[in-house]
Number of protein chains: 2
Amino acid sequence: MEFIINKESLLEVLSKVEKLVKTKTSNPILQGFYLEVKSDKIIVIGSDLNTTIRYELPVLFEDESILINKEGKVVVPYQLYEIAKKVKTELSISLDDTQLVIKHGKKKKSEFKLSVFKAEEYPKLPRFDGIEPTLSIKGTEFNSFIKKTGYAASSSDARPVLQGICFEITEDKLRLVCTDSHRLGVIDVTESHKESRKIIIPAKSILESLKSFDLSEKVTVFCENDRMLILQNNNLTFYCRLLEGTYPDVSRLIPKEHLAEMKISRKEFLEGFEMINGLTNAADNETKGIVKLHVNGVATLSTYQAQTGSGKIEIDYESLEGEDNFDIAFNNNYMIDTLKAMESEYVSFKYQGSMRPFLLTPCDSSHEEIQLILPVRNK
Amino acid sequence: MEFIINKESLLEVLSKVEKLVKTKTSNPILQGFYLEVKSDKIIVIGSDLNTTIRYELPVLFEDESILINKEGKVVVPYQLYEIAKKVKTELSISLDDTQLVIKHGKKKKSEFKLSVFKAEEYPKLPRFDGIEPTLSIKGTEFNSFIKKTGYAASSSDARPVLQGICFEITEDKLRLVCTDSHRLGVIDVTESHKESRKIIIPAKSILESLKSFDLSEKVTVFCENDRMLILQNNNLTFYCRLLEGTYPDVSRLIPKEHLAEMKISRKEFLEGFEMINGLTNAADNETKGIVKLHVNGVATLSTYQAQTGSGKIEIDYESLEGEDNFDIAFNNNYMIDTLKAMESEYVSFKYQGSMRPFLLTPCDSSHEEIQLILPVRNK
């Protein structure tokens, strides 16, 4: 291996997988970058055991920022990334038996020798060339679907399946479901598929990895088996261990009817909950984090904390059908998360009783989306 | 109390003391802002018990962003700051018996009622109208002196006096000294004072509070007694409990002579230590964080970590007097802190033996500055 690369190109490659390499794992080889240099591309792989990202940078003939003299592959320590961040121009990198030699600069003659692992010792990635893709989605849509559901994933270890987003693929539909049992996000997309699958993707892994995706390109989903998901996105391949277990059936939770439907500006609604949030979270044991919504000609958010004080915000709604006089109480942080995850200008707030879950749906969306929050007892 | 104030002006006032209010203290009244509205000014006080800041915003006759209808004073909870951050335009604030009533907006009718403490219950601040100022310094210089010494303060509770910056005021000199016993920063300014004093200011308090200072205005120092320091800076007054104890005499630590003096670009020197820092800090027990400097025609920084690898950076020096062949090893993080705290384009590295402390001094400075670092055994 012997190549010259400018700082920006090296950082571009390494930054795609850097977060996975930085994660502490028990396997020392995973604390390094797998780096492979070919005449026409540079390949980097980073893994935290559960999630792996492989990124390929094509090297074009006319590209002057990279000059490849000799092919090769090796696993190099994280410090390569730290050095690349600090240097100013190009780096000359070569493999000298058991060390990666990095030279940099003219005046500041610097030379680093990093201990390496053999590339052959790096865990093998599953091959999927022969596998039919399960489905293919626009990058922007994939990103939006993951964000609109993944926010509702549980962060507790109590029920590991609830840390995931459930992808239900049937012949005529794709459904994404995510719940921590207090709130729920559901996306339904009508489209035809050749096979039916139900897989649970770790929400945290995919949410963090989305930053490395090129959202202007499509995302192709491969289910290699029941344990592994593979996503292909332009020059990036994402491998992820699926969560095992049975995802709860949420369909019976979603009410079909409602007593009232209020259309309201999502932005104004969100601003109201954010404005009152400092007060709802002021320490006051049982009512901590709880906000009340009273609708009667206007939507009124209120909170009362014995120690700190009270707050009341009135927001005009756009329209209301059904019962125009109701109260419901719920966790204000959940409401803020949900309204932030949604995108449409107006949302429908669907009420079906002060002790029954309420729904939020977008008033303008290209796909079916349901957001549900469980209320708390109104004290 | 009754006034109307726009969001920006209220935030300007509260943000000067917000950090102190947010600090958890056992005294509930200190978890609030002392707020006093007069016809010509708004006064706010925040305190974390050890440090107190009082800020006065003058209200000018022609100022349309503040309208004062009724004077008054009260202590209000932290949530006032959170509300002010979230609102968009002006707030109407009034005192209604035991509550501060905050109204905001036209369309979004919002109203907050915050529980208050009586202003009379807030701890009294010491008066210093009759006291002669001990000294007066330009804001920019004060800031620079504090930063060039305070970085070297100890963060350990083992010897509390080492958490402070020692101000030694004598008839003809001001000396600032700060050391954690591994490194040392000293500033000497020749000027005449009426009195002699030696006080120890908590470094963390003053470094954090400097952000609220107006550095274009001078800082006047009042020593009300041996327990309290008062700084006056434009509209802001800073009160701080002094550290008690005897500050170590550091003058005998500072060598008067040296075997070699190397003049080198501060920026290039710093970049070298930063570039090698990822490697020096790679876990490797005893040599962790240690960098070696070898000077022989050129300055060479190097590190060797058995697990990760080695690095070597050569930096041309500007000039060298004395012995041009020496080695010294020291903590790389200390070196980076020191070079960052310094300001001049070139620094002098003064070597006096591989097991003796070395000095860094600015090659261009309006005041005397000495930075000292203890070496470690060169393995």
Side-chain angles (χ1 to χ4, degrees), chain A residues 28 31-32 76-88 98-116 265 268-269 271-283 298-316, chain B residues 28 31-32 76-88 98-116 265 268-269 271-283 298-316:
Chain A
Q31 291 166 24
V76 298
Y78 184 78
Q79 280 70 26
L80 176 61
Y81 182 68
E82 294 183 322
I83 294 167
K85 275 198 296 184
K86 294 292 181 186
V87 305
K88 287 199 171 151
T98 59
Q99 289 187 315
L100 190 78
V101 181
I102 305 155
K103 292 188 183 174
H104 162 257
K106 278 173 197 161
K107 210 180 154 200
K108 277 191 277 289
K109 278 169 269 174
S110 63
E111 184 181 288
F112 293 90
K113 292 182 178 174
L114 300 182
S115 310
V116 295
S265 154
E268 285 186 30
F269 214 25
E271 281 169 2
F273 290 107
E274 284 182 330
M275 205 182 289
I276 215 162
N277 201 37
L279 263 184
T280 63
N281 283 326
V298 65
T300 307
L301 326 180
S302 68
T303 187
Y304 172 75
Q305 306 289 338
Q307 301 284 330
T308 318
S310 62
K312 199 182 76 180
I313 295 173
E314 290 187 1
I315 304 166
D316 289 330
Chain B
Q31 291 166 24
V76 297
Y78 185 77
Q79 280 71 25
L80 176 62
Y81 182 67
E82 295 182 321
I83 295 166
K85 275 199 295 186
K86 294 291 181 189
V87 304
K88 288 198 170 152
T98 60
Q99 290 186 314
L100 191 78
V101 181
I102 305 155
K103 293 187 184 175
H104 161 254
K106 276 173 196 161
K107 211 179 155 200
K108 278 193 280 284
K109 276 169 271 174
S110 63
E111 185 181 289
F112 293 90
K113 291 182 178 172
L114 301 181
S115 309
V116 295
S265 153
E268 286 186 28
F269 213 25
E271 281 168 3
F273 290 107
E274 285 182 330
M275 205 181 291
I276 215 161
N277 202 35
L279 265 183
T280 63
N281 282 327
V298 65
T300 307
L301 325 180
S302 68
T303 186
Y304 172 75
Q305 306 289 337
Q307 300 286 330
T308 317
S310 62
K312 198 182 78 181
I313 295 173
E314 290 187 1
I315 304 166
D316 289 330

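As the structure is a prediction and not an experimental result, all values here were calculated from the model. Here is how names work: the chains are called A, B, and so on, in the same order as the sequence lines, proteins then strands, and each is numbered from 1.
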For a 4.5 angstrom cut-off between non-hydrogen side-chain atoms, does A:Phe112 reach B:Ile276? yes

Output for pair (B:Lys109 NZ, A:Ile315 CD1), nearest 0.5 Å, gives 11.5 Å

Testing the basics here: between B:Ser115 and A:Ala306, what is the closest heavy-atom pair and its distance to 0.1 Å? OG-O, 4.0 Å

Under 4.5 Å heavy-atom distance to chain B, tell me which part of A:Val87 shows up: side chain, backbone, both or neither. both

Turns out that what part of A:Gln79 lies under 4.5 Å from chain B's heavy atoms comes down to side chain

Distance in Å, B:Lys113 NZ paired with A:Lys312 NZ, rounded so as to fall on 0.5 Å steps: 7.0 Å

Most contact-rich option vs chain B, by heavy-atom pairs under 4.5 angstrom, among A:Ser310, A:Gly309, A:Pro77, is A:Ser310

Going by side chain to side chain contact (heavy atoms under 4.5 Å, CB included), name the residues that satisfy it together with A:Asn277, two or more places apart in sequence or in a different chain. A:Thr280, A:Asn281, A:Asn332, A:Asn333, A:Ile336

Quick one, B:Glu271 and A:Lys88 - any side-chain contact, counting heavy atoms below 4.5 Å? yes

Contact winner vs chain B - A:Gln305, A:Glu82, A:Lys85, A:Gln99, heavy-atom pairs under 4.5 Å: A:Glu82

Taking every non-hydrogen pair under 4.5 Å, which of A:Leu279, A:Ile102, A:Val76 racks up the most with chain B? A:Leu279

Side chain, backbone, both or neither: which part of A:Ala299 has a heavy atom under 4.5 Å from chain B? neither

Please report the interatomic distance NZ(B:Lys86) to CE(A:Met275), rounded to the nearest 0.5 Å. 9.0 Å

Identify, with sequence neighbours excluded, every residue that meets side chain to side chain contact (heavy atoms under 4.5 Å, CB included) alongside B:Gln307. B:Asp284

